[in-house]
Amino acid sequence: MKLIITEKNQTAKRIAQVLSDGKARREGGPRSTLYAFKLDGEDVKCLGLRGHIMKVDFPPEFRQWQDVEPRELVDAEILKVPSEKTLVSAVKKLAKSADKIVIATDYDREGELIGADVASLIRDVNPRAEIKRARFSSLTPTEIKKAFSSLEEIDEGLARAGEARQDIDLIWGAALTRFISLATTRLGQRFLSVGRVQSPTLALVVQRENEIQSFIPEDYWQVKARLKSDGEEFVATHKTERFDSQEKAKRAYEKVKGKGVIVSAQVRKRKIAPPSPFNTTAFIAAASALRVSPARAMELAENLYSRGYISYPRVDNTVYPSTLSIRSVLKSISSADVVGELALELLGKDSYKPTRGKTTATDHPPIYPTDSARKEELTPTEWKIYELVVRRFLATISDPAEAESMRLDIDINGEPFVAKGDVIKEEGFLRYYPYFRKKDEELPALKEGDEVRVLEGIIEKKQTQPPPRYTEGKLIEKMEEEGLGTKSTRHIIVQNLIERGYIYGSPLRPSETGIAVASALERHATHVTTPEMTARLEMDMDAIVERERTLEGVIEESRVMLKEILEGMEEKKSQISQEIRNGIRGDMVLGVCPSCGGEIRIRKAKKTGKRFAGCGNYPECETLYPLPQSGGVLATGEICEQCGTPKVRIINKGRKPWELCLDPNCPRKNRYEAGKASRKKSGKN
DNA sequence: GCAAGGTC
């Protein structure tokens with residue numbers, strides 16, 4: 001028997017179908033990922049895994065955080081243990097009766113590692129089996145057949161590179177997480193985490209907040225003129241866009257009366273290029289702009305993918321492969337509600353020139369629709385995401401939009417003014433992808449020498465603005481730019497930072513704890529807070545692939561570095577502990593006491609150990625409120641309009657953070673309960 | 001109970 005192992009069910013199904021010309025059958029229950037068929041008289045089985053089926057961990061004697069010094073983890077043995085037990089035993093069972101094994105996991109570093117892990121499991125139970133590797137970068141019949149007719153060997157170098165990543169992440173993550181958690185005695189559920197990707201990401205949010213806090217706004221003045229010509233009104237702005245003093249602005253403003261003369265009128269045609277195909281990050285950014293959070297957008301996309309509506313959503317590539325037939329994609333979506341008609345329109349074209357993005361990768365095709373959906377088959381949010389994917393696809397194969405921009409230079413009593421207009425003349429792709437379309441700004445058709453009437457002058461005081469906080473989508477884009485995380489993990493990393501209480505809100509801000517952890521790490525373990533740690537690791541991994549370095553060498557070097565860092569931190573332990581505890585204490589302040597003006601803080605009842613919110617002026621002030629006993633509690637800085645108590649945010653793992661005011665008898669609560677009940681009824685949306 | 005990486 002020949003056994004084929006793939007990384008996921010969908011791939012197993014596809015490969016089995018292609019190699020058997022559609023004759024493969026699923027074996028076992030409805031949740032099974034095993035497909036069986038015959039090929040040239042030989043029995044073939046194809047098993048789909050669920051990503052990694054093995055994980056790395058320390059031996060049991062290192063499990064108790066309080067009993068182990070974090071630095072002991074640096075040299076501790078690292079074990080590989082099954083993380084998907086049923087799949088591990090399925091592999092073993094099947095491998096016993098197989099003489100040929102083909103590893104057909106994804107063609108990337110992690111895929112090679114998954115494959116090598118499986119191969120070593122198989123060698124344990126069946127040392128005589130021949131193990132080969134199939135490599136393909138798309139799931140077209142030609143590519144699959146080619147891969148299986150020219151089998152290769154497992155690339156041990158690539159697999160070792162993956163192992164280096166795994167080991168280094170565990171060693172650094174575990175040792176530093178335990179160090180700061182132990183130093184601050186934040187143990188149990190609410191430990192403080194550190195990691196190669198999460199810590200630099202936290203640092204990004206903290207740095208942005210620092211820029212905002214240290215930003216000194218400068219006053220400036222703007223002068224505008226409301227003008228009229230032939231019954232049409234429009235606004236022109238003084239050419240000096242920012243006057244640095246009120247006097248100067250006033251001098252210009254005082255001349256804004258009577259008439260203006262058009263000094264020049266320029267009309268320019270401008271093309272607006274259609275957007276590039278969706279990779280994960282671009283998709284997340286677009287969904288984020290439509291107010292679907294990254295984690296939710298990915299959850300919805302994965303669900304649509306497993307039901308056959310869209311292609312694989314975890315992808316770096318932004319260029320459609322030449323093997324993707326645009327015409328058949330259009331046909332497959334032509335009976336969809338709403339967007340099907342749009343697809344039919346584009347089916348009339350003779351040829352297609354899809355746009356291309358910056359990233360050419362061979363992992364998967366960019367995200368595109370694979371089937372027609374009806375509105376009643378999907379929840380409203382699923383539909384929103386499906387429609388977005390379809391419309392983006394249609395946009396990538398349609399024409400540029402054409403805009404006409406107009407600029408009028410106007411002289412008003414010697415003061416120069418400018419009016420700008422922008423009007424879409426040809427819709428092009430905007431017909432299919434209207435999401436971020438700007439409103440037309442029209443100007444009257446004036447020419448040089450024409451006169452306009454001044455209706456009024458406007459003088460406005462403004463201030464320079466600090467850079468904006470990151471939205472989740474923008475943060476994920478920034479992570480990609482900095483090389484942090486992967487298409488599959490970035491949204492999870494951001495969600496983890498939120499669940500840990502490090503960052504919160506929309507747009508994102510760091511909590512006091514987040515700021516304190518980031519600054520302590522920046523001072524004492526700089527390496528782990530910068531994207532360079534990842535960049536360096538990537539280089540070392542490349543060197544392992546090229547056999548220029550060994551896995552052992554790379555890890556040893558990393559261990560030496562971490563040991564030094566931990567030694568330094570050990571010396572400054574009490575200082576680090578103090579700093580972070582100050583941050584934690586900062587987050588304990590929930591707001592202002594409505595009866596005495598003191599601080600409402602999170603406290604613990606001495607007898608029961610239960611937490612509650614109470615006034616810092618106790619016993620003079622006895623104000624206290626109950627708190628939910630599970631989840632994180634964070635201040636929002638806002639007070640309830642109804643009852644005047646501070647509003648807090650409750651963070652629970654795996655759930656969307658929610659807000660409530662502290663007063664359990666607030667009249668708003670009834671409304672909240674009603675809202676909750678109706679949400680429950682309508683399902684997940 | 002630590003990380004980050006796969007996949008559901």
Side-chain angles (χ1 to χ4, degrees), chain A residues 5-12 30-33 48-58 60 62-68 70 72-74 76 78 83-84 86-87 105-118 159 161-182 185-202 280 298-307 312-315 363-364 479 483-497 499-500 528 533-534 537-538 541 558 562 653:
Chain A
I5 310 270
T6 73
E7 191 159 321
K8 46 187 165 274
N9 178 37
Q10 295 290 340
T11 319
R31 290 191 57 203
S32 148
T33 59
L49 304 179
R50 255 148 65 187
H52 287 283
I53 58 172
M54 304 291 281
K55 62 176 181 198
V56 286
D57 204 357
F58 297 113
F62 292 91
R63 215 155 277 169
Q64 277 299 324
W65 291 25
Q66 283 103 318
D67 300 344
V68 181
E72 291 178 59
L73 293 176
V74 180
I78 293 178
S83 55
E84 296 284 344
T86 42
L87 280 168
T105 45
D106 288 2
Y107 185 8
D108 55 28
R109 191 167 57 220
E110 296 296 327
E112 210 69 21
L113 175 55
I114 293 168
D117 282 346
V118 168
E163 259 179 356
R165 201 262 323 135
Q166 242 182 5
D167 293 357
I168 289 172
D169 281 343
L170 176 66
I171 301 170
W172 282 72
L176 289 170
T177 294
R178 287 195 192 185
F179 183 94
I180 63 163
S181 297
L182 285 163
T185 62
R186 277 269 288 223
L187 300 164
Q189 266 185 50
R190 308 218 53 217
F191 65 90
L192 299 173
S193 59
V194 182
R196 171 179 59 86
V197 178
Q198 62 167 276
S199 297
T201 304
L202 171 61
T280 303
M298 284 311 287
E299 187 191 334
L300 291 160
E302 278 151 21
N303 190 268
L304 289 170
Y305 155 70
S306 69
R307 286 153 70 192
Y312 191 66
R314 292 185 276 260
V315 43
D363 52 351
H364 299 274
M479 289 172 78
L484 293 170
T486 72
K487 58 205 174 190
S488 317
T489 60
R490 287 183 200 113
H491 64 281
I492 299 171
I493 301 267
V494 173
Q495 208 186 19
N496 280 344
L497 289 173
E499 276 170 7
R500 298 274 151 81
V528 80
M533 177 164 178
T534 296
L537 180 62
E538 291 286 346
M541 285 193 292
S558 177
L562 179 58
K653 202 171 178 172

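Just so you know, these numbers come straight off a predicted model, no measurement behind them. Just so it is clear: chains get the letters A, B, ... in the order the sequence lines come, proteins before strands, and each one is counted from 1. Atom set for the values below is all heavy atoms of this structure, side chains included, hydrogens, waters and symmetry mates excluded.
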Just N and O in the side chain of [X]: are any of them under 4.0 Å from OP1 or OP2 of [N]?
| X | N | result |
| --- | --- | --- |
| R314(A) | dT7(B) | yes |
| S181(A) | dG1(B) | no |
| Y305(A) | dT7(B) | no |
| S193(A) | dA3(B) | yes |
| T489(A) | dA4(B) | no |
| S488(A) | dG6(B) | yes |
| R50(A) | dG5(B) | no |

Between Y312(A) and W172(A), name the one whose nearest nucleotide on DNA chain B is closer to the 5' end. W172(A)
Both H52(A) and D57(A) contact DNA chain B. Taking the nearest nucleotide for each, which residue is further toward the 5' end? D57(A)
Find the distance [X]:[atom1] to [N]:[atom2] and express it as a whole number of Å.
| X | N | atom1 | atom2 | value |
| --- | --- | --- | --- | --- |
| Q495(A) | dA4(B) | CD | P | 14 Å |
| L170(A) | dG6(B) | CG | C1' | 16 Å |
| L562(A) | dA3(B) | CG | P | 15 Å |
| L497(A) | dA3(B) | CG | C1' | 12 Å |
| I114(A) | dG5(B) | CD1 | C1' | 8 Å |
| N496(A) | dC2(B) | CG | C1' | 12 Å |
| I492(A) | dC8(B) | CD1 | C1' | 11 Å |
| I5(A) | dT7(B) | CD1 | C1' | 16 Å |

Look only at the side chain of [X] and the backbone of [Y], and say whether a donor-acceptor pair between them is shorter than 3.5 Å.
| X | Y | answer |
| --- | --- | --- |
| R314(A) | T280(A) | no |
| S181(A) | L187(A) | no |
| T177(A) | V194(A) | yes |
| S199(A) | R196(A) | no |
| S83(A) | I53(A) | yes |

Classify [X] by what it touches in the nucleic acid, base, sugar-phosphate, or nothing, heavy-atom distance under 4.0 Å.
| X | answer |
| --- | --- |
| R165(A) | base |
| G51(A) | base |
| W65(A) | base |
| R178(A) | base |
| G162(A) | nothing |
| Q166(A) | base |
| I53(A) | nothing |
| Q189(A) | nothing |
| V56(A) | base |

Donor-acceptor pair under 3.5 Å: do we get one between E84(A)'s side chain and the base of dC8(B)? yes
Got a salt bridge between E538(A) and R109(A), using NZ or NE/NH1/NH2 to carboxylate O under 4.0 Å? yes
Measure from the side chain of E7(A), starting at C-beta and using heavy atoms only, and say which of dC2(B), dT7(B), dC8(B) lies closest. dT7(B)
Using 30° and 60° as the class limits, which term best fits the ring planes of F191(A) and W65(A): parallel, tilted or perpendicular? perpendicular
